[in-house]
Every structure is written in structure tokens, then in C-alpha cells.
Number of protein chains: 2
Amino acid sequence: MELTTATAALGALAHETRLQVFRLLVRAGREGLPVGRIAEELGVAADGRLSFHLKELVAAGLAVSRQEGRFVYYATQYEAMNALLQFLTEDCCGGVPCDAEAAACAPAAKTKTASRRKSA
Amino acid sequence: MELTTATAALGALAHETRLQVFRLLVRAGREGLPVGRIAEELGVAADGRLSFHLKELVAAGLAVSRQEGRFVYYATQYEAMNALLQFLTEDCCGGVPCDAEAAACAPAAKTKTASRRKSA
DNA sequence: TCCATATTTCAATGATAATTTAAATATTGA
DNA sequence: TCAATATTTAAATTATCATTGAAATATGGA
């Protein structure tokens, strides 16, 4: 992962509403949630503001959207999330064994591939 | 971890210089690095700008500083880092087994305690 | 086709964060 | 105590981001 990409992703998460949305979507799994449902769960309005924040998450690569009927679903891009977490902890403590583990979260519905990496 | 705390931490990381500093410190381990060395490693000036960014990391709880002789050392606050990563992946996929693992990195020099959490 | 629901877009304003420049503080050794 | 190294602080400018308010687009059902 590139520095610029990581910075953009972190910037997208550095906002209370977006962070709440992101965490909600992480919980929601690969199928995601429609905008109205996101708004409802977080107790915010489904207006231009939320739309703006959702777009920011997509622009940063942390989420994807798809239209389904008259609803637009947003879902976590788990690969990007994992790459970001790994980027942050990379070569922790200079490679000396220190219980470092790359964070990983992949939705069971889609794949059951173990995400444990070689701990180097 | 609280939403506000996490947002602040992510905001601190959402800057190219600070992100580079953070990753450098993660690699450096608990003893950390003096400011001049950080500047040298990253190829940036050890000026007010770097000082400002270092302070931001400390303010966000992601780093700590200590004076040693005429040098000021900065080091990763691993506990905060781990808490943040855990916060981001919390209840991934609604608790359904999906290879979710809380990220963890603790410097070997200080503790060898396994940081693997119950994967729920 | 017309209305209602769902979501997005845009332009303007207001709020925050980063860089610059310059001066200040702290520690060590001569 | 003077000079040198190491790092921080502050005020002003510039750049970037978020909110507001209102209009626009899209889909499905009556």
C-alpha cells in the first residue's frame, strides 16, 4: 500500500460520522446497508451531508456502493481495510518477535480464506 | 475506546509526514528515536514543522516523548495503537466467524505477553 | 404519467488544519 | 558564561475540509 493511499484512507476515517459509518459497515458484512438504514442506525439524517461522507469513504477506497432497486447499498471494502491495518503495523519493532499480527477481517459470506500472514 | 479519541488518532495519522513518523516509530520499538534521527530517516528538516507534527501524534495519544540529555525521544504508544486497530475492526461481520483478528503489536523489549484476543 | 421515496449534486459560507518565518528555550561542552 | 546543538513556540498566511440550503436525479407504485 502506498503512503498517499493510506493517508487518504485515514483522512476518510478521521471524522466522527464517517468513522461511525465505517464501523457500522464493518459489522454489516459484505452485503452492506442501504443509505437510509445507515442513517437510521446512526441517528443522523439521510441528506446531502451523509451522501458526502459516504462518497468520501468510497473515494478513499474503504467502501463500495451498488444500487439495488431504489436503494443504494454501501459496504466495506475489506481488502483495503486490511491493507491499511497492515500498513500501520508493518515491521513492528523492527521485525523482532513482538506478537505483531496483521489485522484482518474478511466477511465469512464471501470467503473463508485465512488471512494470517507470515509474521515477518 | 471512545469515538472522539479514535477520530483524533486517525486525524493525527492522516498526514503524510505524521504517518511516516508513526510507521518509523512503530518499527523503532519502545525506546523510540530522537527528533533529529527521525528527521534524518525521513529526509525532512528537524524544524518547527516536524515538532508540530510530533506534538500532534502525542496529543492524539499515539506517541510519547521523553528528554534524554539534549535529545528528545519520541516513541509509539503501542497500547493506543492496538486499541485503535481493535476499534476499527470491532465486531467485524457481526461476530460471524470471518477470520477477524484484533491487530496487536507490543515491543518485545518491554513485554512478551501474547496479545491475541478472544476472536469474538 | 404523476406522485412519493431515496439519494445525490452544487455553490456558497464557515470552520480547521498546515506552512512559513522568526524568535525562544534547553542542554552540553569549551 | 559563551557558543553550539537540539528542539519548541508563536503569529500570520494559505490551503483544505465540512455544513448549509436548495434543487436535481432515479426508481417504483398508484
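The chains referred to below are lettered A, B, ... by the order of the sequence lines, with proteins before strands, and numbering in each begins at 1.
When heavy atoms are screened at a 4.0 angstrom cut-off, Gly48(B) is found touching base atoms of the nucleic acid. Using a 4.0 Å heavy-atom cutoff across all strands shown, Gly69(A) reaches sugar-phosphate atoms only and no base atom. At the heavy-atom level, Tyr74(A) lies under 4.0 Å from the strands shown only through sugar-phosphate atoms.
Rounded to whole Å, atom P of dT7(D) lies 11 Å from atom CG of Leu33(B). Residue Phe71(A) contributes atom CZ, which lies 13 Å from atom C1' of dA26(D) at whole-angstrom precision. As a whole-Å value, the separation of Tyr73(B) OH from dT27(C) C1' is 14 Å. When the P atom of dA18(D) is taken as reference, atom NE2 of His53(A) falls 7 Å away, rounded to whole Å. Atoms CG (Asp47(B)) and P (dA24(C)) sit 18 Å apart, rounded to a whole Å. We find that CG of Leu50(A) is positioned 13 Å from P of dT9(C), with the value rounded to whole Å. Following rounding to the nearest Å, Leu10(A) (CG) and dA17(C) (P) show an atom-to-atom distance of 16 Å. The CG-C1' distance, from Leu19(A) to dA18(D), rounds to 16 Å in whole Å.
Remark: Leu19(B) CG to His53(B) NE2 distance equals 12.0 Å, nearest 0.5 Å.
Listed nucleotides dT19(C), dT7(D), dT8(D) differ in distance to Pro34(B); the shortest reach to its side chain belongs to dT7(D). Listed nucleotides: dT8(D), dT19(C), dT7(C). Nearest to the side chain of Arg49(B): dT19(C).
Across Leu13(B) and Leu10(A), no two heavy atoms sit closer than the pair O-CD1, 3.5 Å.
Under the 4.0 Å criterion applied to side-chain N and carboxylate O atoms, Glu31(B) and Arg37(B) are not assigned as salt-bridge partners. Using a cut-off of 4.0 Å between Lys/Arg side-chain N and Asp/Glu carboxylate O, Glu68(B) and Arg66(B) are scored as salt-bridged. Checked for salt-bridge contact, Glu79(A) and Arg30(A) meet the test: a charged N lies under 4.0 Å from a carboxylate O.
Taking for each of Arg18(A) and Arg70(A) the nucleotide of DNA chain D with the nearest heavy atom, the 5'-most of the two is the partner of Arg18(A). Remark on DNA chain D: of its neighbouring residues Phe52(A) and Gln67(A), the 5'-side contact belongs to Phe52(A), judged by nearest-heavy-atom nucleotide.
Between His15(A) and dT19(D) there is a side-chain N or O to OP1 or OP2 distance below 4.0 Å. In this structure, Lys55(A) reaches the dT9(C) phosphate: one of its side-chain N or O atoms is under 4.0 Å from OP1 or OP2.
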